[in-house]
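Working notes for the structure below.
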Amino acid sequence: MTLNARSVLLCAGLVLLAGPALAAPCQDGPPVIPDRFHGDWSVDPAKCGDRESGLNLSIDAGFITYFEAADAVLAVHPAERDGITLHVRHDDGEGTEETWRTLILSDDRQTLTFTHGDGPDEVVHRCPMTAEPGL
């Protein structure tokens with residue numbers, strides 16, 4: 001049995017044992033932040049849409065963007081409750097570093113506990129979706 005065949009069997013076994021929570025690390029292609037985390041988030045809901053406030057972040061499949069900084073996702077792992085742990089490459093315009101983020105959604109998926117590496121937790125609120133101009 002080749003190493004690749006063993007890897008496929010190992011991933012299949014993990015999926016059977018752990019369910020869909022571990023399926024993402026076994027897939028080919030770039031790591032993907034699950035859809036339930038996507039969108040715009042703000043520390044202060046009144047500041048939603050104000051990108052320059054420094055209180056907002058935006059999450060999509062492969063990136064977390066902040067005012068004047070961004071995280072490129074390198075790996076996605078399941079975490080406690082309805083959460084994920086991300087290995088990211090953080091770029092703040094002055095340099096890059098690899099670090100970790102933990103994202104945990106509330107039961108209603110309207111607030112997100114966001115941990116920067118080993119720093120304190122920050123709670124952000126989901127911003128209302130806005131239509132693209134001209135739609």
> Picking from Thr85, Asp71, Thr115, what satisfies side-chain hydrogen bond (donor to acceptor under 3.5 Å, both in side chains) with Arg101?
Replying inline: Asp71

>> Run the salt bridge (Lys or Arg N to Asp or Glu O under 4.0 Å) test against Glu98 and tell me which residues pass, sequence neighbours left out.
In response: Arg89

> For residues 42-80, which residue pairs qualify under disulfide (SG to SG under 2.5 Å), counting only residues two or more places apart or in two chains?
Replying inline: Cys48-Cys127

> Is Val73 linked to Ile104 within one hydrophobic cluster, defined over Ile, Leu, Val, Met, Phe, Trp and Tyr using a side-chain heavy-atom separation of less than 4.5 Å?
Replying inline: no

>> Set out, in order, the CA-CA distance, both residues' side-chain angles and the distance that settles side-chain contact (heavy atoms from CB on, under 4.5 Å) for Glu122 and Val43, then state yes or no.
In response: CA-CA 8 Å; Glu122 181 175 10; Val43 172; 2.9 Å; yes

> How long is the span from the CZ atom in Phe37 to the CD1 atom in Ile64, to the nearest 0.5 Å?
Replying inline: 10.0 Å

>> My understanding is that only residues two or more places apart in sequence, or in another chain, count here; which of them pass salt bridge (Lys or Arg N to Asp or Glu O under 4.0 Å) with Arg126?
In response: none

>> For a salt bridge (charged side-chain N to carboxylate O under 4.0 Å, His left out) check, start with the C-alpha distance between Arg36 and Asp82, then their side-chain angles and the critical distance, and finish with the verdict.
In response: CA-CA 10 Å; Arg36 66 186 181 272; Asp82 193 13; 2.8 Å; yes

>> Other residues, nucleotides and ligands only: do more than 12 of their heavy atoms fall within 6.0 Å of CG on Asp107?
In response: no

>> Counting C-beta onward and ignoring hydrogens, is there a side-chain heavy-atom pair between Pro78 and Ile84 closer than 4.5 Å?
In response: no

> Looking only at heavy atoms, what is the nearest atom pair of Leu74 and Val88, with distance?
Replying inline: CD1-C, 3.8 Å

> Going by distance alone, is a donor N or O of one side chain under 3.5 Å from an acceptor N or O of the other, for Tyr66 and Asp92?
Replying inline: no

> Does the His116 side chain pair with the main chain of Trp100, one donor and one acceptor, at a distance under 3.5 Å?
Replying inline: no

>> Assess, by modelled atom type and distance only, whether the side chains of Asp40 and Ser58 contain a donor and an acceptor separated by less than 3.5 Å.
In response: yes

> For the side chain of Asn56 and the backbone of Asp50, is there at least one donor-acceptor N/O pair under 3.5 Å apart?
Replying inline: yes

> Leu86 pairs by side-chain contact (heavy atoms from CB on, under 4.5 Å) with which of Ile59, Thr102, Thr99, Ile33?
Replying inline: Ile33

> How long is the gap from CG on Leu112 to CG on Leu103, to the nearest 0.5 Å?
Replying inline: 5.0 Å

> At their closest point, which heavy atom of Trp41 faces which heavy atom of Gln110, and how far apart are they?
Replying inline: CZ3-O, 3.8 Å

>> Is there a side-chain contact (heavy atoms from CB on, under 4.5 Å) between Leu57 and Thr65? Walk through the geometry before answering.
In response: CA-CA 6 Å; Leu57 58 103; Thr65 55; over 6 Å; no

>> I'd like to know if the side chain of Ser42 pairs up with that of Asp44 as donor and acceptor (distance under 3.5 Å, no hydrogens or angles considered).
In response: no

